[in-house]
*Asks:* 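Just dropping this structure here.
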Amino acid sequence: MTEMIILRSLREIARIQAAGKIAADTLTLLKRHARPGISTAELDRLAEEYIVSQGAIPACKGYQGFPSSVCISPNEGVVHGIPSERKILREGDIVSFDLVVEKDGFMGDTAITVPVGEVDAESRQLLAVTEGALQAGIAAARAGAHVGDIGHAVSAYVAPYRYGIVRDFVGHGIGTEMHAEPQVPNYGKPGKGERLEVGMVLCIEPMINAGTAKVKMLRDGWTVVTADKKRSAHFEHTIAITADGPMILTERSE
Ligand code: MF3
Ligand code: CO
Ligand code: CO
């Protein structure tokens, strides 16, 4: 028996979107402050203050023991980087921010990777391709299609660049829990996997590496980095499947 996938009403989707808007605005704030010289701990504090000021909860903090409000992963960091006073952003870095906001019991999950000052052309391309892969995945998330269509769209978009598509972490359903059914991998076969239906709310989140797809976890038990130390990018949106197609619930207004 396959696990149950919850279908949400328009009312519930609106509540996920309310959480998602705060999450999106927090990313906009983080992007603005991601300048050379700032520590990732300071960025985490700014984000947490903003989320709390909106009457919301930074849902990552304390989730399975994660110590901070935002996952901050510079350069070869793939996901789940722990903010630190000792990690200072430098000109030419890239940095991923991933966060979940809970508002009135509902959650929005979103991530971006941004340049710190001027970055090299290879890094700019990695960011653009990963964001494009997210958009391709979203476009495939239509009622009647399947979870495998999303992963296939992501991997087909990335294929010409010979990047590594991370397989060890995947997207997921979301709602009143951060991680719900189904899993949404960034690879797959068209027409395979769970059938997508109106009311499903999913997080699509390609993690794309400049080199190998292989990753390793550091001894802190959280930080995931590329096995070859090349750079990695991560973009994520929470989306709802509606009768009119995919609706992004974590859209940034910048
Ligand atoms: N935001 C992550 C995701 O996309 C999960 C963060 S793990 C946590 O699924 F421990 F930081 F919460
Ligand atoms: Co996330
Ligand atoms: Co997610």
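What you see below is based on every heavy atom in this structure, not just the backbone, and it leaves out hydrogens, waters and symmetry mates. Both ligands and their constituent atoms are indexed starting at 1 by order of listing. No experiment lies behind these values; they were computed from the predicted model shown.
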*Asks:* Is a salt bridge present between Lys214 and Glu76, judged by a nitrogen-to-oxygen distance below 4.0 Å?
*Replies:*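 Salt bridge absent between Lys214 and Glu76.
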*Asks:* Taking only heavy atoms of Tyr63, which atoms of ligand 1 are found under 4.0 Å from at least one of them?
*Replies:* 8 (C), 10 (F), 12 (F)
*Asks:* Of the backbone and side-chain N, O or S atoms of His179, does one lie nearer to the Co ion (ligand 3) than 2.8 Å?
*Replies:* no
*Asks:* Within less than 4.0 angstrom of ligand 1, does Gln64 place any heavy atom?
*Replies:* no
*Asks:* What do you reckon, are the aromatic ring centroids of Phe169 and His80 less than 6.0 Å apart?
*Replies:* yes
*Asks:* Counting only N and O atoms by type, is there a donor-acceptor contact under 3.5 Å from the side chain of Asp220 to the main-chain atoms of Trp222?
*Replies:* yes
*Asks:* Could you tell me the residue and atom name of the protein heavy atom closest to atom 2 (C) of ligand 1, and the distance to it rounded to 0.1 Å?
*Replies:* Asp98 OD2, 3.2 Å
*Asks:* What atom name does the N, O or S atom of Asp109 nearest to the Co ion (ligand 2) carry?
*Replies:*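 Going through the N, O and S atoms of Asp109 one by one, OD1 ends up nearest to the Co ion (ligand 2).
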*Asks:* Quick one: the OE2 of Glu205, the Co ion (ligand 3), OE2 of Glu236 angle, rounded to 10°, please.
*Replies:* 90°
*Asks:* Is the closest side-chain heavy-atom distance between Thr110 and Asp98 below 4.5 Å?
*Replies:* no
*Asks:* Check each heavy atom of Phe66 against ligand 1 and say whether those closer than 4.0 Å belong to the side chain, the backbone, both or neither.
*Replies:*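 It is the side chain that gets close, since no backbone atom is under 4.0 Å.
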*Asks:* Please determine whether side-chain contact (heavy atoms from CB on, under 4.5 Å) holds for the pair Val116 and Glu91, giving the CA-CA distance in whole Å, both sets of side-chain angles, and the decisive distance to 0.1 Å.
*Replies:* CA-CA 5 Å; Val116 179; Glu91 178 87 20; 5.7 Å; no
*Asks:* Distance alone, cut at 3.5 Å: any donor-acceptor contact between the side chains of His179 and Asp109?
*Replies:*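 The criterion, which ignores hydrogens and geometry beyond distance, is not satisfied for Asp109 and His179.
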*Asks:* Strictly distance-based, threshold 3.5 Å: is any side-chain N or O of His234 a donor or acceptor partner for the main-chain N or O of Thr113?
*Replies:* no
*Asks:* Could you list which atoms of ligand 1 come closer than 4.0 Å to a heavy atom of Trp222?
*Replies:* 10 (F)
*Asks:* Take Glu42 and Arg86, measure what salt bridge (charged side-chain N to carboxylate O under 4.0 Å, His left out) needs, and give me the verdict at the end.
*Replies:* CA-CA 10 Å; Glu42 178 67 17; Arg86 298 187 315 276; over 6 Å; no
*Asks:* Nearest to the Co ion (ligand 2), which N, O or S atom of Asp98 do we find?
*Replies:*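 Looking only at N, O and S atoms of Asp98, the one nearest the Co ion (ligand 2) is named OD1.
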*Asks:* For atom 5 (C) of ligand 1, which candidate among Met107, Glu205, His179, Lys61 provides the closest heavy atom?
*Replies:*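 Nearest option to atom 5 (C) of ligand 1, by heavy atoms: His179.
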*Asks:* Report, in ascending order of atom number, the atoms of ligand 1 lying under 4.0 Å from any heavy atom of Glu236.
*Replies:* 4 (O)
*Asks:* Any heavy-atom pair between the side chains of Ser232 and Asn75 that's under 4.5 Å?
*Replies:*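 No, every pair of side-chain atoms sits at 4.5 Å or beyond.
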*Asks:* With a 4.0 Å cut-off on heavy atoms, is His172 in contact with ligand 1?
*Replies:* yes
*Asks:* Decide, yes or no, whether a salt bridge links Glu85 with Arg45 under the criterion of side-chain N to carboxylate O below 4.0 Å.
*Replies:*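 The answer is yes: the pair qualifies as a salt bridge.
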*Asks:* In ligand 1, which numbered atoms sit nearer than 4.0 Å to a non-hydrogen atom of Val100?
*Replies:* 1 (N)
*Asks:* Which residue and atom name correspond to the protein heavy atom nearest atom 7 (S) of ligand 1, and how close is it?
*Replies:* His80 NE2, 3.8 Å
*Asks:* Between ligand 1 and Phe169, can you find any atom pair, the residue atom being a heavy atom, that is separated by under 4.0 Å?
*Replies:*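 So Phe169 does not count as touching ligand 1.
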*Asks:* Can you tell me the protein heavy atom closest to atom 6 (C) of ligand 1 and the distance?
*Replies:*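 Here the nearest protein heavy atom works out to Cys60 SG, 3.8 Å.
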*Asks:* Any atom of ligand 1 sitting under 4.0 Å from a heavy atom of Cys71?
*Replies:* yes
*Asks:* Between Asp120 and Arg124, is there a salt bridge with N-O shorter than 4.0 Å?
*Replies:*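 No, no charged N to carboxylate O under 4.0 Å.
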*Asks:* Which protein heavy atom lies closest to atom 3 (C) of ligand 1, and at what distance to 0.1 Å?
*Replies:*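 Result for atom 3 (C) of ligand 1: Asp109 OD2, 3.2 Å.
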